[in-house]
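For reference, positions follow the sequence shown, starting with 1. Each ligand, and each atom within it, is numbered from 1 in the order the structure gives.
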Amino acid sequence: NPLDDPAADPFAVARDAAARIAELTGVERHDLALTLGSGWGAAAELIGETTHTIPAHEVPGFSKPALEGHVGTLRSVALPNGRRALVIGARTHYYEGHGVRRVVHSVRTAAAAGATTMILTNGAGGIRETWSAGTPVLISDHINLTSDSPLEGATFIDLTDLYSARLRALAHEVDPTLDEGVYVQFRGPHYETPAEVRMAKAIGGDIVGMSTALEAIAARQAGMEVLGMSLITNLAAGIQTTPLSHDEVIEAGRAAESRISDLLAKIVAA
Ligand SMILES: Nc1nc2[nH]c(I)nc2c(=O)[nH]1
């Protein structure tokens, strides 16, 4: 992977990736991009017509996903309002240990492809007891506990309003019942201990996950407007008093799929 060379310019690799996507799809410019996290996969079909599906490893800087048989894809989707969306189904997680450049490459590629809006979705643990499994939550801000950053050198980027108040207001118009919360990115891949969940709560967190914060910072560096949404698939460790069954989590995610996909389709069409 070209990004594994420390001397590589990550922005040049992103430009190469965007050029390859344009070549493979015949679409010169994608207006917005979505990264679909666990539970959000069905949304791509609902937001518009997928005209091209590219195996991600055919695009510079993307790699074969860690999970065998789980081919990461990039999709070009024609939206009803005439705009084009790039749907990224090939997220690299920080815990894979390939470095932060690989984690944020998809965002930089989307920006190089012309996208001015970045929608980041994920599956996450909830700290608020009122959020049952399957609840979608808007991300209002984040706490980055990775001790890392996609920014290199003296690039001081303002992160005020990183999770666009305008896009959150638009999401609220679509679904006024949506809650908001502060997302805490842990390095993972282990889940938090109950003590770490209590710490996350004490420092102002509402959601715990292993993605999104680093991608959002890179999106802001690229000048994109960001909307982040978490699907609460489980209550974080120690919050749920009864043992959580994996089947319940899967079932909750599936039950929520149509609601969150419909929500995303309406937000994208707005
Ligand atoms: N850190 C963290 N990440 C998650 N992803 C999912 I799905 N659930 C969790 C969780 O409880 N904690």
Less than 4.0 Å between a side-chain N and a carboxylate O, is that true for Glu23 and Arg20?
yes
Between Thr146 and Gln185, a side-chain donor and acceptor under 3.5 Å:
no
If we set the cut-off at 4.0 Å for heavy atoms, which region of Thr233 has an atom near ligand 1: side chain, backbone, both, or neither?
side chain
Residues in side chain to side chain donor-acceptor pair (under 3.5 Å) with Ser149, at least two apart?
none
Just to be sure I'm reading this right: ignoring hydrogens, which of Asn234, Leu235, Leu145 gets closest to atom 8 (N) of ligand 1? Compare them by their nearest heavy atoms.
Asn234
Please say whether Glu192 places an N or O atom under 3.5 Å from an N or O atom belonging to ligand 1.
yes
Any heavy atom of Gly188 closer to ligand 1 than 4.0 angstrom?
no
Quick check on ring-ring contact (aromatic ring centres under 6.0 Å, His included): which of His57, His105, His98 does Phe62 satisfy it with?
His105
